[in-house]
Amino acid sequence: MLQVRPLGPHIGAEISDIDVKSLDDAAFATIYRAWLDHNVLVIHGQDLQIDDFLTYSRRFGILEPHPSKSTRHPDYPEITMLGANKFDPDGTLNMAIYRRGAEGWHTDGAYDAVPFKATQLYAVAIPSRGGDTLFASMYAAYDALPQTLKERLEGRLGAFAYGGREKRSALLSEEDRDWKPVFHPIVRQHPETGRTALYFDPGKILRIEGVSPEESDVLIDELTERMIQPDAQYRHKWTVGDVVIWDNRCSYHLAAGDYPPEEDRIHWRVSIHEFGAKQNPSAREVASERA
Ligand SMILES: O=C(O)CCC(=O)C(=O)O
Ligand SMILES: [Fe+2]
């Protein structure tokens, strides 16, 4: 019998006694509901081939290859290989691969016209220490904002692009580095739960629209300070066979980026879009069509 165990008061739940390869619709509906309620779902002990992982992931939405072509699986473009090939041919550690996701708290896909719904990882190899992933609730972040700040943000759009103000694009091929901004409300209603979240990403936001550049900078600094509520976090310690999915519309995450570099830490990773969202081209596709 499928069990749902919360991993904290605000975020995270563990599902046990299931095999994701053989879930009927009723069991999947329970899992899906638990995911919406807890934002991050952990399932241990899964024994999967790539096709199993893709088939299970497709129950959540549409899989789209990540813009970083160099880190895609050669035969399965929807699969990103996290942590693979982290040493360059001359033996130096490639920090963009080793520290992927560790530069700061973020949400995946804010650079797309319709932000990614979810990201799902399957743990293939885990180091002897370090390499955790941390999660935090965007709902709790919004709830904790001072009322005056909530009012200043109400109705404001953020302009977002891959790489943000620092134009971080080390994982992208040369031809994929030109991104046009997309716009999302900073105070955003989750499309399925209706709950209000702080939708913000310091590494992808360019500016807040409709205020002076100075005020935009001040707001970005203030939101960067306030986006993480320490009591609304979950820290995942990986074991091989874990399947973890997070909701990018209501959670932030951060890779600890601290494991022994000589050890393997490999995950299969998929980006999941809302059903029907594929018709909305990504900002980069729009840009290249215009060009
Ligand atoms: O490797 C991790 O722990 C997470 C990396 C990350 O940010 C991502 O896959 O989106
Ligand atoms: Fe990420």
Side-chain angles (χ1 to χ4, degrees), residues 7 11-12 39-44 53 57 60-61 63-73 76-86 93-112 115-138 160-164 166 168-172 199-205 227-228 233-261 263-273 282:
L7 295 165
I11 186 165
N39 320 154
V40 179
L41 272 198
V42 173
I43 307 175
H44 294 291
F53 182 58
S57 297
F60 288 87
L63 308 189
E64 277 212 27
H66 192 276
S68 167
K69 290 178 184 151
S70 62
T71 58
R72 289 180 192 166
H73 188 290
Y76 295 88
E78 300 96 335
I79 298 272
T80 292
M81 298 292 295
L82 290 185
N85 305 316
K86 66 177 183 273
L93 182 63
N94 181 322
M95 294 308 273
I97 293 178
Y98 173 70
R99 287 189 53 79
R100 188 172 188 163
E103 294 307 326
W105 286 96
H106 65 280
T107 177
D108 296 332
Y111 46 76
D112 266 356
F116 301 172
K117 175 182 188 178
T119 304
Q120 182 151 258
L121 266 51
Y122 177 67
V124 176
I126 293 304
S128 58
R129 59 195 154 86
D132 297 351
T133 308
L134 291 76
F135 298 93
S137 167
M138 287 181 181
F160 297 86
Y162 191 104
E166 293 182 19
R168 272 180 201 273
S169 54
L171 291 170
L172 297 186
Y199 191 80
F200 170 74
D201 186 325
K204 299 190 187 84
I205 197 160
M227 65 187 279
I228 302 305
Q233 284 189 41
Y234 164 66
R235 182 175 187 124
H236 186 65
K237 221 173 180 13
W238 291 93
T239 47
V240 170
D242 287 354
V243 174
V244 175
I245 183 167
W246 62 85
D247 189 333
N248 286 303
R249 305 163 297 183
C250 57
S251 65
Y252 298 113
H253 61 281
L254 172 71
D258 61 350
Y259 65 99
E263 294 187 25
D264 279 342
R265 179 185 188 272
I266 309 273
H267 293 85
W268 298 336
R269 177 193 190 284
V270 288
S271 308
I272 305 177
H273 283 237
S282 75

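When a ligand or atom number is given, it counts from 1 through the structure's own listing order. Positions are given from 1 along the sequence.
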| said: Tell me if the CG atom of Asp258 is crowded by more than 12 foreign heavy atoms within 6.0 Å. | reply: yes
Give a yes or no on whether the backbone of [Y] and the side-chain of [X] come within a donor-acceptor separation of less than 3.5 Å.
X	Y	value
Tyr122	Val270	no
His66	Ser68	yes
Gln120	Ile272	no
Asp201	Thr107	yes
Asp242	Ala123	no

May I ask you to list the atoms of ligand 1 that are less than 4.0 angstrom from any heavy atom of [X]?
X	answer
Leu82	1 (O), 9 (O)
His106	7 (O)
Thr133	2 (C), 3 (O)

| task | Determine which of the N, O or S atoms in Asp108 is closest to the Fe ion (ligand 2) and give its atom name. | result | OD1
| message | Among the N, O or S atoms of His106, which one sits nearest to the Fe ion (ligand 2)? | response | NE2
Do any nitrogen or oxygen atoms of [X] come within less than 3.5 Å of a nitrogen or oxygen of ligand 1?
X	result
His253	yes
Arg269	yes
Arg100	no

| task | Anything under 30° is parallel, anything over 60° is perpendicular, the rest tilted; go ahead and classify His267 against Trp238. | result | perpendicular
| message | If we check ring pair (Phe, Tyr, Trp, His ring centres under 6.0 Å) with Trp246, which of these qualifies: Phe135, Tyr234, Tyr252, Phe116? | response | Phe135
| message | Among all protein heavy atoms in this structure, tell me which lies nearest to atom 4 (C) of ligand 1, with the distance rounded to 0.1 Å. | response | Ala255 CB, 4.0 Å
Test of understanding: given a 4.0 Å heavy-atom threshold, classify the contact between [X] and ligand 1 as side chain, backbone, both, or neither.
X	answer
Trp246	side chain
Leu254	neither
His267	neither

| Do you know which two heavy atoms are closest between Pro260 and Arg129, and how far apart they sit? | CD-O, 3.2 Å
| Arg265 heavy atom under 4.0 Å from ligand 1 | yes
